[in-house]
Amino acid sequence: MKLLLVLSLILTAALLFVSFAGAGELAPNELGRFMILEYHKIDYPEAQWTRTPENFRRDLETLYAKGYRLINLGELLDRRISLPAGTTPVVLTFDDSSPGQFRYVERNGTVEIDPKSGIGILEAFKREHPDFGRGGTFYVLPGASKPNRLFNQPEYEGKKLKFLVSQGYEIGNHTLWHANLAKYPEATVREQVAEAQVWIQRYVPDYKTRTLALPHGSYPSDVSWVLKGAAKGTTYSHDAVLMVAGGAAPSPYSRSFDPVRLPRIQATERELAYWFNYFDKNPTERFVSDGDPNSVTVPTARRDKLRDEYKTQRVVER
Ligand SMILES: [Zn+2]
């Protein structure tokens, strides 16, 4: 009897050690790559542009278990990466403001977030795992026709945008109604971008979109048109432009980081499996935080990959 007890104690200790070692075994490498995941519909059935609520929840579980932690794109662009040592930033993006991404339901006279909508799932997961971090960018379409106009519940449009901003999510620019920017002259491109921001500001005054996701992944003839300008009585300025594909993104500390061409990974079963497996097999390719937002930790052999401006910051080689 006593022996059994001792054995089970040893086994428990061993299991604890294994799970602990699993979470903390990655050495810091802030020149590694990170994933910007791209979701469209959270709905049924599963398809190329649709992830079911159950599969979305499973994605969060997999990310969490593999040591990925949520962060906002803005924090990465600012190189303000405040994550525990040994973890990897991951950015969630949601395009086209489709209904399943964020839905309110009425129950017994009160209005609550639908637990099966994207935001419902994400909020519940964060409550259960407070160390998962927070963040996510919603590239909304304020002037699209149904069902893509601001999540398709006109009475709650303002409530939703306010909720997103107050809870630490970002609202991104995806043009007013998903215009293919390659097809239009400068004036139209600028109006599409500016007007999307004007509409967002009707609900969240003074909110400025910081990043733009290209509808259909199509660049305008001159990318500067979407980066900075004025139209429709407002000024806009974007620090990054997101594509619809391209794989994992380079570290924001790396010379190859190009904020005007940020690649994304479509959150399909196949793509996710590919990249989870890729980083499991190539852990040295993965961005791993050193736990200190004020220093950049890089493998000595890769120091020359660092952008010049960060060579003056405290660089820790290992
Ligand atoms: Zn889109």
Side-chain angles (χ1 to χ4, degrees), residues 19 22-23 26 32-73 75-76 83-84 86-103 113-140 151 164 167-170 172 174 213 242-249 262-283 285-289:
S19 61
L26 294 171
R33 295 202 280 169
F34 69 99
M35 298 189 286
I36 304 175
L37 300 181
E38 174 188 353
Y39 286 91
H40 288 85
K41 294 181 196 168
I42 305 292
D43 219 319
Y44 301 96
E46 179 81 16
Q48 195 193 348
W49 306 106
T50 307
R51 199 84 178 125
T52 65
E54 289 74 19
N55 284 339
F56 177 53
R57 161 95 199 182
R58 188 160 50 81
D59 296 345
L60 301 180
E61 281 163 2
T62 308
L63 286 166
Y64 182 77
K66 289 183 181 291
Y68 295 91
R69 294 295 178 265
L70 297 184
I71 194 167
N72 267 324
L73 200 47
E75 295 166 272
L76 284 164
L83 291 178
T87 65
T88 298
V90 63
V91 175
L92 303 182
T93 64
F94 300 86
D95 287 18
D96 305 341
S97 48
S98 53
Q101 289 177 5
F102 192 173
R103 191 186 295 111
I113 295 172
D114 183 351
K116 290 200 116 184
S117 66
I119 276 288
I121 294 161
L122 197 43
E123 286 293 306
F125 195 83
K126 281 159 55 188
R127 274 195 300 278
E128 293 158 31
H129 306 89
D131 61 335
F132 189 37
R134 67 175 190 174
T137 312
F138 287 80
Y139 293 96
V140 300
F151 312 108
L164 290 175
Q167 296 306 305
Y169 295 99
E170 297 175 332
H174 202 36
L242 284 75
M243 306 189 289
V244 293
L262 275 189
R264 291 194 285 175
I265 293 167
Q266 287 180 34
T268 61
E269 192 68 34
R270 220 177 89 166
E271 285 280 295
L272 287 168
Y274 174 87
W275 284 101
F276 283 139
N277 183 46
Y278 178 84
F279 284 117
D280 284 351
K281 289 211 168 121
N282 304 279
E285 287 290 307
R286 174 174 163 174
F287 187 110
V288 179
S289 175

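In this text, all values refer to a predicted model and were calculated from it rather than measured experimentally.
Between Pro283 and Leu26 the shortest heavy-atom distance is CB-CD2, 3.8 Å. Closest of all the heavy-atom pairs between Ser98 and His40 is OG-O, 3.6 Å. Nearest heavy atoms, Asp95 versus Gln101: O-NE2, 2.8 Å. For Pro263 against Ala249, the heavy-atom pair with the smallest separation is CG-CA, 3.7 Å. Shortest non-hydrogen contact noted between Leu83 and Ser289 is O-OG, 3.2 Å.
At a threshold of 4.5 Å between non-hydrogen side-chain atoms, the residues Val140 and Phe151 count as touching. At a threshold of 4.5 Å between non-hydrogen side-chain atoms, the residues Gln266 and Gln48 count as touching. Considering only heavy atoms from C-beta on, Thr137 stays 4.5 Å or farther from Leu242 through its side chain. When side chains are defined from C-beta on, Thr62 does not count as touching Tyr68, because their heavy atoms never get closer than 4.5 Å. A 4.5 Å side-chain heavy-atom check between Glu54 and Tyr44 finds at least one atom pair inside the cut-off. At a threshold of 4.5 Å between non-hydrogen side-chain atoms, the residues Arg51 and Leu272 count as touching. Contact annotation: the side chain of Ile71 never approaches that of Phe34 to less than 4.5 Å [non-hydrogen atoms, C-beta and beyond]. Side-chain contact between Asn72 and Val91: absent, with no pair of heavy atoms (C-beta onward) separated by less than 4.5 Å.
One distance of note links CD of Glu38 with CD1 of Ile265; it measures 10.0 Å at 0.5 Å rounding. Leu122 CG to Ile42 CD1: the interatomic distance, rounded to the nearest 0.5 Å, is 9.5 Å. Interatomic distance, CD of Glu75 versus CZ of Arg134, reported as 8.0 Å (0.5 Å rounding).
Panel note: side chain Thr87, backbone Arg69; no donor-acceptor pair is recorded below 3.5 Å. Thr88 contributes no side-chain N or O that, together with a main-chain N or O of Val288, makes up a donor-acceptor pair within less than 3.5 Å. Here the side chain of Asn277 pairs no donor or acceptor atom with the backbone of Ala273 at under 3.5 angstrom. Using a distance-only test at 3.5 Å, with no hydrogens or angles considered, no donor-acceptor pair links the side chain of Arg286 to the main chain of Arg33. Under a 3.5 Å cut-off, the side chain of Glu46 and the backbone N or O of Thr52 do form a donor-acceptor pair.
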Quiz prompt | Leu63 and Met35: CA distance, side-chain angles, deciding distance, side chain to side chain contact (heavy atoms under 4.5 Å, CB included) verdict | solution = CA-CA 11 Å; Leu63 286 166; Met35 298 189 286; 4.2 Å; yes
Quiz prompt | Step-by-step salt bridge (charged side-chain N to carboxylate O under 4.0 Å, His left out) determination, Glu123 to Lys126 | solution = CA-CA 5 Å; Glu123 286 293 306; Lys126 281 159 55 188; 3.0 Å; yes
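Using cut-offs of 30° and 60° on the angle between ring planes, the pair Phe279 and Trp275 is tilted. Between Phe94 and Phe138, the ring-plane angle classifies as parallel under the 30° and 60° cut-offs.
Cation-pi geometry between Arg264 and Tyr139 is met: the NZ or CZ atom falls under 6.0 Å from the ring centre, inside 45° of the normal.
Put simply, the residue from Thr268, Asp59, Thr93, Asp96 that forms a side-chain hydrogen bond (donor to acceptor under 3.5 Å, both in side chains) with Tyr39 is Asp59.
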